[in-house]
Amino acid sequence: MRVFVTGGAGYIGSHMVKLLGEKGFEVLTYDNLSNGRKEAVLYGHLVVGDLLDYELLEKTLRDFMPDVVMHFAAKVSVEESVKEPILYYENNFCGTLNLLKAVKKLGIGYFILSSTAAVYGIAQKVPVKEEDPTVPINPYGWSKLFCERALIDLRASGYPIKYAILRYFNVAGADPEGKIGQVSKNPTHLILRALKAAKGEIPYLEVYGTDYPTKDGTAIRDYIHVMDLVQAHLDVLEYLMKGGQSDVFNVGYGRGYSVLEIVKVVKEVTGVDFEVKYGPRREGDPPMLIADNSKILQKTSFKPKYDDIYTIVKTAWEWERKQ
Ligand SMILES: NC(=O)c1ccc[n+]([C@@H]2O[C@H](COP(=O)([O-])OP(=O)(O)OC[C@H]3O[C@@H](n4cnc5c(N)ncnc54)[C@H](O)[C@@H]3O)[C@@H](O)[C@H]2O)c1
Ligand SMILES: O=c1ccn([C@@H]2O[C@H](COP(=O)(O)OP(=O)(O)O[C@H]3O[C@H](CO)[C@@H](O)[C@H](O)[C@H]3O)[C@@H](O)[C@H]2O)c(=O)[nH]1
């Protein structure tokens, strides 16, 4: 089976490409390398191209003619999206429209979209369920919600695409074999920044906000290991191919850690008591996001294997210390 992976040179996409390659899928990665690295693509070919370059996108898809499109390519920083909203709408939404346009033209049948817990905005209750209100509080979340809508509407218009929209919670950790991991040109993610503080690459870790309505005043997130996340894509694909209905799925573990709890785990795992400073909230950050993952657990064969915060931080640290 042939799988076209957009964003396959990035953090999550490269773990997906590795798993697909190991399982014997034929893979083609399409990535503009704006935040990806060609060395991270361990299987199949890489076409360096932009989603916004419709001609190249359509030609690449036509030449490869995949059975499945897995769409990871996006700009992913909440903070940057608040400062550069047009960039986010253009890259993420217009990019996805180009992809859907080409998919429809070529008659491709399966589509898995990387969406995000950021579509929920300030959750009224946690854990959040897929049918809960989606009112993003930053342009990144809106750009992803628009992509969801476009895909749902394409199906509703009668085009017989089978899709899964996966709303990832906070993805962390690295390939346990140590071949790939998270590399970012401008790292903003909490665990990665904490590890960089432990390495001395940044002078301290700043905690963004200590006045959230949570147990210790810092924001809570549901951290999921990247290996479980990419496995979830195969489980969902199997579900669709066996006749499962197109649907939206939360992908998280259903439990949350505060920023301070993560700091404690990172200090324990690295053995480094790095400096922590306390600053104001970061614009666009909701207080708490935890997945209700019962739908994916019930409907597909997905079974988390790496759902231990120490395993997540350890695999990330093993990768990061080699960089
Ligand atoms: N990391 C997380 O915690 C998280 C959580 C929820 C959802 N997601 C989603 O997962 C997906 C992958 O995120 P990631 O963390 O691996 O980010 P990443 O930046 O490592 O990967 C994204 C890849 O897409 C490529 N890309 C971006 N715009 C492109 C364009 N216009 N054309 C071609 N390639 C382009 C980048 O070069 C990069 O390699 C994204 O869609 C993101 O919204 C990530
Ligand atoms: O140096 C830092 C970095 C982050 N945080 C806090 O840590 C939490 C997690 O932040 P981060 O790791 O940047 O993730 P999120 O902003 O929650 O967003 C991630 O998780 C979303 C899903 O929940 C994805 O959609 C996004 O792509 C991904 O960046 C937030 O409360 C941040 O304010 C800090 O306090 N200090």
Side-chain angles (χ1 to χ4, degrees), residues 5-16 29-38 40-41 46-53 56-57 70-81 87-88 90-92 94-96 98-99 113-120 128 136 138 140-141 143-144 147 166-173 182-194 196-197 202 204-210 212 214 218-224 226 229-230 250-252 257-260 262-263 276-291:
V5 181
T6 74
Y11 167 46
I12 303 172
S14 63
H15 287 79
M16 188 76 247
T29 292
Y30 189 86
D31 195 304
N32 67 2
L33 302 184
S34 57
N35 200 36
R37 298 174 314 128
K38 55 180 184 312
V41 181
L46 162 70
V47 171
V48 179
D50 201 298
L51 292 172
L52 297 174
D53 180 349
L56 179 63
L57 180 63
M70 293 189 181
H71 176 32
F72 295 89
K75 291 199 167 287
V76 302
S77 157
V78 168
E79 193 178 19
E80 187 187 35
S81 80
L87 183 69
Y88 272 66
E90 184 175 52
N91 192 74
N92 295 358
C94 298
T96 300
N98 272 350
L99 184 59
L113 173 69
S114 303
S115 188
T116 164
V119 299
Y120 293 114
V128 274
N138 51 61
Y140 166 69
S143 73
K144 286 284 170 167
C147 298
L166 303 187
R167 291 183 182 154
Y168 314 160
F169 283 63
N170 288 55
V171 188
Q182 189 168 18
V183 178
S184 182
K185 293 188 176 145
N186 177 24
T188 58
H189 291 91
L190 175 63
I191 294 179
L192 187 54
R193 288 187 67 79
K196 289 191 180 296
I202 57 174
Y204 58 86
L205 179 81
E206 181 172 341
V207 172
Y208 302 141
T210 51
Y212 284 105
T214 58
T218 66
I220 292 181
R221 296 288 185 276
D222 184 344
Y223 295 89
I224 174 169
V226 65
L229 179 79
V230 294
N250 283 339
V251 200
Y257 290 94
S258 72
V259 174
L260 290 183
I262 295 295
V263 168
V276 176
K277 290 190 180 176
Y278 300 90
R281 293 183 183 196
R282 187 173 63 177
E283 214 182 327
D285 278 352
M288 181 160 8
L289 280 170
I290 299 175

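FYI, side chains are in, hydrogens and waters are out, and symmetry mates aren't considered; it's all heavy atoms of this structure. First listed ligand is number 1; within each ligand, the first listed atom is number 1. Note that the structure is predicted; figures quoted are calculated from it, not measured.
Between atom CD1 of residue Ile220 and atom OG1 of residue Thr214 there is a gap of 5.0 Å, rounded to the nearest 0.5 Å. Annotation: the span from Asp31 atom CG to Ser14 atom OG amounts to 9.5 Å, rounded to 0.5 Å. Rounding to the nearest 0.5 Å places CZ of Arg167 at 11.5 Å from CG of Leu289. Taking CZ of Phe72 as the start and CG of Leu166 as the end, the distance is 8.0 Å to the nearest 0.5 Å. A distance of 8.5 Å separates CG of Leu229 from OH of Tyr11, quoted to the nearest 0.5 Å. With rounding to the nearest 0.5 Å, the separation of NZ in Lys75 from OG in Ser143 is 11.0 Å.
Of the protein's non-hydrogen atoms, Tyr140 OH, 2.6 Å is the one closest to atom 43 (O) of ligand 1. Protein heavy atom closest to atom 27 (O) of ligand 2, with residue, atom name and distance, is Tyr140 OH, 3.0 Å. Looking at atom 11 (P) of ligand 2, its nearest protein heavy atom turns out to be Arg282 NH2, 3.7 Å. Shortest contact from atom 22 (C) of ligand 1 to any protein heavy atom: Ala74 O, 3.7 Å. Among protein heavy atoms, the minimum distance from atom 35 (O) of ligand 2 is reached at Tyr208 N, 2.8 Å. Nearest protein heavy-atom contact of atom 29 (O) of ligand 2 is His189 NE2, 2.8 Å. Atom 41 (O) of ligand 1 has as its closest protein heavy atom Lys144 NZ, 2.6 Å. Summary of contacts: the protein heavy atom closest to atom 37 (O) of ligand 1 is Asp31 OD1, 2.7 Å. Taking atom 31 (N) of ligand 1 as the reference point, the nearest protein heavy-atom neighbour is Asn91 OD1, 2.8 Å. The shortest contact between atom 19 (O) of ligand 1 and any protein heavy atom is with Asn35 ND2, 2.8 Å. With hydrogens left out, the protein atom closest to atom 14 (O) of ligand 2 is Asn170 ND2, 3.1 Å, a heavy atom. Scanning the protein for heavy atoms near atom 17 (O) of ligand 2, the closest one is Arg221 NE, 2.7 Å. Remark: minimum distance from atom 36 (N) of ligand 2 to any protein heavy atom is reached at Glu206 O, 2.7 Å. Summary of contacts: the protein heavy atom closest to atom 24 (C) of ligand 2 is Thr116 OG1, 3.5 Å.
Side-chain contact, Glu80 with Tyr140: no donor N or O sits under 3.5 Å from an acceptor N or O.
Residue contact check: Val207 has heavy atoms under 4.0 Å from atoms 35 (O) of ligand 2. Contact atoms of ligand 2 toward Ala219: 31 (O) (distance under 4.0 Å to a heavy atom of the residue). With ligand atoms numbered from 1 in the order given, ligand 2 contributes 22 (C) to contacts under 4.0 Å with heavy atoms of Tyr168.
Inclusion of Asp285 in the set of residues having an N or O under 3.5 Å from an N or O of ligand 2 is warranted. Checked by distance only, ligand 1 and Val171 come closer than 3.5 Å through their nitrogen or oxygen atoms. The N/O atoms of Leu51, backbone and side chain alike, include one that comes under 3.5 Å of an N/O atom in ligand 1. Between Ile191 and ligand 2, a contact under 3.5 Å exists for no N or O pair. Ligand 1 has no N or O atom lying under 3.5 Å from any N or O atom of Ser115, backbone or side chain. An N or O contact shorter than 3.5 Å links Phe72 to ligand 1 by distance. Close N/O approach between Leu190 and ligand 2 is found [any backbone or side-chain N/O within under 3.5 Å]. Taking distance alone, with nitrogen or oxygen atoms compared against 3.5 Å, Gly10 approaches ligand 1 more closely than that limit. The shortest N or O to N or O distance between His71 and ligand 1 is not below 3.5 Å. Below 3.5 Å of separation, one finds an N or O of Asn32 facing an N or O of ligand 1.
With Tyr168 as the fixed residue, the side chain to side chain contact (heavy atoms under 4.5 Å, CB included) test singles out one of Ile224, Ile12, Thr116: Ile12.
Under the 4.5 Å side-chain criterion, counting only non-hydrogen atoms from C-beta, Ser77 is not in contact with Asn186. Between Ile191 and Tyr257 the shortest side-chain heavy-atom distance does not fall below 4.5 Å. Counting only heavy atoms from C-beta outward, the side chains of Arg221 and Leu190 never approach each other to under 4.5 Å. Here the side chains of Tyr278 and Val259 are not in contact, with every heavy-atom distance at 4.5 Å or above. Taking 4.5 Å as the limit, some side-chain heavy atom of Val128 sits within range of a side-chain heavy atom of Phe169. Residues Leu57 and Leu51 form a side-chain contact, since some pair of their non-hydrogen atoms from C-beta on lies under 4.5 Å apart. Proximity of Tyr30 to Leu56: side-chain heavy atoms (C-beta onward) are separated by under 4.5 Å at one or more points. In this structure, Lys144 and Ser114 have side chains that are in contact, with non-hydrogen atoms separated by less than 4.5 Å.
Using a 4.0 Å cutoff on heavy atoms, Ala9 counts as a contact of ligand 1. Look at Gly49 and you'll find a heavy atom under 4.0 Å from some atom of ligand 1. Not a single heavy atom of Gln182 sits less than 4.0 Å from an atom of ligand 1.
Arg193 places no side-chain N or O within 3.5 Å of a backbone atom of Leu205 that could act as its donor or acceptor partner. The backbone N or O of Gly10 sits nowhere less than 3.5 Å from a side-chain atom of Asn35 that would complete a donor-acceptor pair. For the pair Ser258 (side chain) and Thr218 (backbone), a donor-acceptor distance under 3.5 Å is absent.
Looking at Phe169 against ligand 1, only its backbone comes within 4.0 Å, counting heavy atoms. When heavy-atom distances to ligand 2 are checked against a 4.0 Å cut-off, Lys144 has no atom that comes that close, whether in backbone or side chain. At a heavy-atom distance under 4.0 Å, only side-chain atoms of Tyr223, from C-beta outward, approach ligand 2. Under 4.0 angstrom from ligand 2, the non-hydrogen atoms of Leu205 all belong to its side chain. Only the backbone of Leu33 comes within 4.0 Å of ligand 1, judged by heavy-atom distances.
Relative to atom 24 (O) of ligand 1, the option among Gly141, Ser34, Ala73 with the closest non-hydrogen atom is Ala73. Considering each of Ile12, Val76, Val226, Thr116, the one bringing a non-hydrogen atom nearest atom 44 (C) of ligand 1 is Ile12. Among Ile202, Val76, Val259, the residue whose heavy atom lies closest to atom 7 (O) of ligand 2 is Val259. Closest to atom 8 (N) of ligand 1 by heavy atom, among Tyr30, Tyr168, Tyr11, is Tyr168.
Of all heavy-atom pairs between Pro187 and Ser184, the closest is CD-O, 3.6 Å. Summarising the geometry of Asn138 relative to Ser81, their closest heavy-atom pair is CB-OG, 4.1 Å, with the distance given to 0.1 Å.
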